[in-house]
Peer 1: 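Right, I'll just put the structure down here and ask away after.
Residue numbering restarts at 1 for every chain, and letters A, B, ... go by the order of the sequence lines.
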2 protein chains.
Amino acid sequence: MAKAAGEALFDPVRSDRTFELVVQRIREKLAAGELRPGDKLPAERELAKQLDVSRNVVREALRALENAGMLKTRKGAHGGAFIEEGSAAQISTALNDLVILNAISLDDLFEARVMMLGMVLDHVAQSGKAPDLSALEANVAATAEAVTTGESARRVPLARAFYHEIAALTDNRALEFTIDAQTEMIQTYLRLRVSDMDGDKLLQSRSAFLAHLRAGRFDAAKVELSEHLERVHRRLWNAPPTP
Amino acid sequence: MAKAAGEALFDPVRSDRTFELVVQRIREKLAAGELRPGDKLPAERELAKQLDVSRNVVREALRALENAGMLKTRKGAHGGAFIEEGSAAQISTALNDLVILNAISLDDLFEARVMMLGMVLDHVAQSGKAPDLSALEANVAATAEAVTTGESARRVPLARAFYHEIAALTDNRALEFTIDAQTEMIQTYLRLRVSDMDGDKLLQSRSAFLAHLRAGRFDAAKVELSEHLERVHRRLWNAPPTP
DNA sequence: ATTCTTTATTGGACCTACCAATAGCAAGGA
DNA sequence: TCCTTGCTATTGGTAGGTCCAATAAAGAAT
């Protein structure tokens, strides 16, 4: 059957851009398990020779993979491109780019995070099993120490870990990574605007939250958490920008 | 206060990797709104001259931004690098990479998606306002047509749109993009394994879901949706892989 | 045994040249 | 007039070379 006049009879013999083919090759090796996190790729010059392309092409391919968070390169002797473990960074840079492009607002991101954290608690409540709270207990204890000793620098990673442990209650990596990415994003923008927050209020909220969880009052925990986040949110917008 | 012997007294004057500085510059211009979607960057040779770096460096920077989904390049006269609109593709490739790196499983992704769609319905129910169902109505009508006329090819994008419209009920772009990304991922892997599914069963589920929503029975809608997704999930794992 | 020096390796940057796609314009023919 | 054809300038894509800088390991000096 003949094609209509305007339609293409032939597909292009070769898709443009050699470096994309190189990226594809490496992705395939990763997906097939031939390359695993920690493995080292051949040197750029060697790869170029093996694939019969210029070193430029190899470098652009590595740049693409590195930007996607699948590689890290080290200089010097015995350096090279090493396969990375997956991390939330890949999602959070994607979210960050969407914020930069004005495709999503920080308000939306904030609301989505509150909703998702609440969803996690709903899920735990519904499962009927008593969750393992040891990680959260330890985190709140460490936060209490950091507040009393005045080590405000330690509080930022502890806060990140706190929300991570909530997400981890579901034992679902996809949710963990997504929530981690949101937390990372929010913290990045938050640090630009507020220097510090009220430590006592923070501790009070954390303890109340944990007490609710221990007692199995998941709805109350959810309310406590979302109200705390609301307070932070208000602070964020009211605080003077300090870029 | 003097630093300990081993510690660095000075930070390096310039961090390695010039192309990262170039990426940063362009990102800044984007964040500041000086560059907007649709705008065209100067030609590579011109950019290289302006920034006083080699064309190679410019290209590697553009590759990084392009991979992040912020740019697209066109060849030829009046070609160049054009700023893109944000899209869910950026998140979905991040998710895809995490699956490839075995950091998250498809099961987790599937479960997370079911949870998040349920969360959307909870949120709508809680808001108390009657949602605008026109988009969903139209989508289901179109699906019905595609099923009866046997146009199975149309059903894939319609399914994607269906879940997108559910996400859109929250009017939160962050959630929309995240759920869209999940849908895209799942569909990509699903298409590799199942050729088709039962159209009647699909329609039945869609209509029941919509009826529940119209009547304000959000919990029932949630159950209907999650059961449908469960069925798809089971099909997915039982179907013979066809790579 | 410890410390310093050398050296081979390897990524980072630069450069020049050429190829290939593309849009716009001009010339030519129906 | 309108459409085709071909030329041309612009611009990204690829090649392949040079040099620099960081680095780890081997070797030399203490």
Peer 1: Got a salt bridge between A/Glu28 and A/Arg25, using NZ or NE/NH1/NH2 to carboxylate O under 4.0 Å?
Peer 2: no
Peer 1: D/dG13 phosphate, OP1 or OP2: any side-chain N/O from A/Arg17 under 4.0 angstrom?
Peer 2: yes
Peer 1: Taking N and O atoms by type only, does the side chain of A/Arg63 place a donor or acceptor under 3.5 Å from a partner on the base of C/dG12?
Peer 2: no
Peer 1: Between atom NZ in A/Lys72 and atom P in C/dG12, what is the gap in whole Å?
Peer 2: 13 Å
Peer 1: Does A/Arg45 put a side-chain nitrogen or oxygen below 4.0 Å from OP1 or OP2 of D/dG16?
Peer 2: no
Peer 1: Mind running a 4.0 Å heavy-atom check of residues 74-85 of chain A against DNA chain D and sending the residues that fall below it, in number order?
Peer 2: A/Lys75, A/Gly76, A/Ala77, A/His78
Peer 1: Distance criterion of 3.5 Å, no angle test: do you see the side chain of A/Asn56 paired donor-to-acceptor with the base of D/dG16?
Peer 2: yes
Peer 1: Rounded to the Å, how far apart are A/Lys40 NZ and C/dG11 P?
Peer 2: 6 Å
Peer 1: Using whole Å, report how far CZ of A/Phe19 lies from C1' of D/dG12.
Peer 2: 11 Å
Peer 1: Kindly say whether A/Leu158 contributes a backbone atom to a donor-acceptor pair with the side chain of A/Asn139 at under 3.5 angstrom?
Peer 2: yes
Peer 1: Can you tell me how far P of D/dT10 sits from CZ of B/Arg55, to the nearest Å?
Peer 2: 15 Å
Peer 1: How many whole angstroms separate atom CG of A/Asp52 from atom P of D/dT14?
Peer 2: 13 Å
Peer 1: Short question: side chain of A/Glu85, backbone of B/Ala103 - any donor-acceptor pair under 3.5 Å?
Peer 2: no
Peer 1: Does B/Ser54 put a side-chain nitrogen or oxygen below 4.0 Å from OP1 or OP2 of C/dC15?
Peer 2: no
Peer 1: Would you kindly give the CD-to-C1' distance between B/Glu60 and C/dC15, to the nearest whole Å?
Peer 2: 14 Å
Peer 1: Rounding to an integer number of Å, can you tell me how far A/Glu44 CD sits from D/dA21 P?
Peer 2: 18 Å
Peer 1: With a 4.0 Å cutoff (strictly under), does any side-chain N or O of A/Thr18 reach OP1 or OP2 of D/dT14?
Peer 2: yes
Peer 1: Measure from CZ on A/Arg59 to P on C/dG12 and round the result to the nearest Å.
Peer 2: 5 Å
Peer 1: For B/Asp108, does its backbone N or O pair with a side-chain atom of A/Asn172 as donor and acceptor, under 3.5 Å?
Peer 2: yes
Peer 1: So, A/Asp180 and A/Arg160, do they make that salt bridge, N to O below 4.0 Å?
Peer 2: no
Peer 1: Flag the pair A/Lys72 and A/Glu66 as a salt bridge only when some basic side-chain nitrogen lies within less than 4.0 angstrom of an acidic carboxylate oxygen.
Peer 2: no
Peer 1: Under 4.0 Å between a Lys/Arg side-chain N and an Asp/Glu carboxylate O for A/Glu60 and A/Arg63?
Peer 2: no
